[in-house]
Amino acid sequence: MASTVNDHATEKSIMKFATRAIHVGQAPDPATGATIPPIHVTTTYTQEAPGENKGYDYSRSINPTRENLQAVLASLENGAAAASFASGLAATTAILHNLRPGDNVVAYADLYGGTYRLMENVFRDWGLDARYTDDNDPAAFKELIDENTKLIWLETPTNPLLRLLDIQAIADIAHNAGAKLAVDNTFATPAVQQPINHGADYVIHSTTKYIGGHSDVVGGAVICKDAADHEPIAYYQNAAGAVSSPFDCYITHRGIKTLSLRLERHCHNAMRIAEHFEHHPKLESLSYPGLECHPDHALAKKQMSGYGGIVTVVVKGGQDGAFKMGQRTKLFSLAESLGGVESLVNHPAIMTHASIPREIREARGVTDGLLRLSVGIEDADDLIADLEQALDF
Ligand SMILES: *Cc1c(COP(=O)(O)O)cnc(C)c1O
């Protein structure tokens, strides 16, 4: 068996997803044969002579535990290479900072609140113009493009409204305009959606969510389709320095080994809940891309191999109804974040999306009655019973 990370990754590249999730970047330690590679906490590396080293000099620049995580992430997203960061927003920053003042980015309006805040409150002053469409028709993106558009940014399914965007069609529009397409794949994960296969140039993850999967580590990653696009991201990773720690890389990598299995159960449980509560009398509406009545179901079927673990509901009675349901659940914890093995319920208007001004938020459908469920991998019957009793008010 090959002993270096890169050989190991190449050797495994023809294998299927679940196998790669377990074996890429996990070559046994050449020094001891340890099946699980050690966590390399070292900050520095002993040199034989000045400048003569084994390819490692300082851990912000290069670290074997981080290399292992990057190798598996690149493999699972079918990219040329990956760079891991201290958080999802640090990964997003790396891509935005790669643009130049005067450039613009066209984005879908239903964005993670922190991404919107970063574009508006940090990068706008720096000289980046962000333009948003709330029409998910690819033609709407085309209308906002001009000669300074260098990037299209999207999440699909969107957060928190779970609309779908046609990655291939929007990639074609970006490329025809000489721009790149970045897809935040945090909600879907590569287990059910691989944006690079549909033409995306960059995939971004908050690995804090499904990739880590256990709500115990914050991290992020950028995966590039082409090695040439990875180069400036890797340069920035070292130059700006928001790298993930060796322990965080290790724990994230451990989570990845069960990603495939977990997503199967997340999708199964979310579908059970969606079907069960679709017509519940206390709910105004329920959204899940796996339901045939979902407006983007056909697109979801085309570009995803599963519909994910997020279900959103609008509770009757506005904020009052949503607060009641959100506070009465016992298994679903009222908390921000998503994608862990445990179920969570979140009130976007007050919790995750509070950084978006109220008028803008409401115009986009993030109303006071909206709750986002991150359906965990507990037993579906128990989750359904918990939501039933929470709605019995
Ligand atoms: C959480 C999240 C982010 C930000 O990631 P952090 O790890 O919290 O910095 C970005 N995009 C999406 C879709 C997210 O859910």
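Order of listing sets the numbers, starting from 1, for every ligand and every atom in it. All residue numbers refer to positions in the sequence shown, counting from 1. Values below: all heavy atoms of this structure, side chains included; hydrogens, waters and symmetry mates excluded.
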> When you measure from the heavy atoms of Ala91 to every atom of ligand 1, does any distance fall below 4.0 Å?
no

> Output yes when the distance from some N or O of ligand 1 to some N or O of Asp184 is under 3.5 Å, and no in every other case.
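Yes; at least one N/O pair falls below 3.5 Å.
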
> For ligand 1, find out whether one of its N or O atoms is nearer than 3.5 Å to an N or O atom of Leu338.
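Looking only at distances, the answer is no, because the N/O contact criterion of under 3.5 Å is not met.
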
> Can you confirm whether or not the ring centre of His294 sits under 6.0 Å from the ring centre of Tyr307?
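Not close enough - the centres of the two rings lie 6.0 Å or further apart.
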
> Do Tyr250 and His253 have ring centroids that are under 6.0 Å from one another?
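No, the ring centres sit 6.0 Å or more apart.
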
> Could you check whether atom CZ of Phe393 has more than 12 heavy atoms from other residues, nucleotides or ligands sitting under 6.0 Å from it?
yes

> Counting only nitrogen or oxygen atoms and a 3.5 angstrom limit, does Ser206 reach ligand 1?
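Yes, since at least one N or O of Ser206 sits under 3.5 Å from an N or O of ligand 1.
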
> For ligand 1, which atoms, with element, lie under 4.0 Å from some heavy atom of Thr208?
7 (O)

> Please say whether the positively charged group of Arg163, taken as NZ for Lys or CZ for Arg, lies over the ring of Tyr108, i.e. under 6.0 angstrom from the six-membered ring centre and within 45 degrees of the axis.
no

> Considering only the protein, which heavy-atom contact is closest to atom 4 (C) of ligand 1, and what is its distance?
Tyr112 CE2, 3.4 Å

> Side chain or backbone, does Leu89 bring an N or O within less than 3.5 Å of an N or O on ligand 1?
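Between Leu89 and ligand 1, an N or O pair is found under 3.5 Å apart.
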
> Taking only heavy atoms of Gly219, which atoms of ligand 1 are found under 4.0 Å from at least one of them?
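Matching atoms, with element in brackets: 7 (O).
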
> Where do Glu67 and Tyr56 land on the side-chain hydrogen bond (donor to acceptor under 3.5 Å, both in side chains) test, with the steps shown first?
CA-CA 11 Å; Glu67 283 187 298; Tyr56 297 88; 2.4 Å; yes

> In terms of the angle between their ring planes, are Phe123 and His97 parallel, tilted or perpendicular, with boundaries placed at 30° and 60°?
perpendicular

> Please state which protein non-hydrogen atom is closest to atom 14 (C) of ligand 1 and give its distance, to 0.1 Å?
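Closest protein heavy atom to atom 14 (C) of ligand 1: Lys209 NZ, 2.9 Å.
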
> Is the NZ or CZ atom of Lys150 positioned over Tyr202's six-membered ring, under 6.0 angstrom from the centre and within 45° of the axis?
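No cation-pi geometry.
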
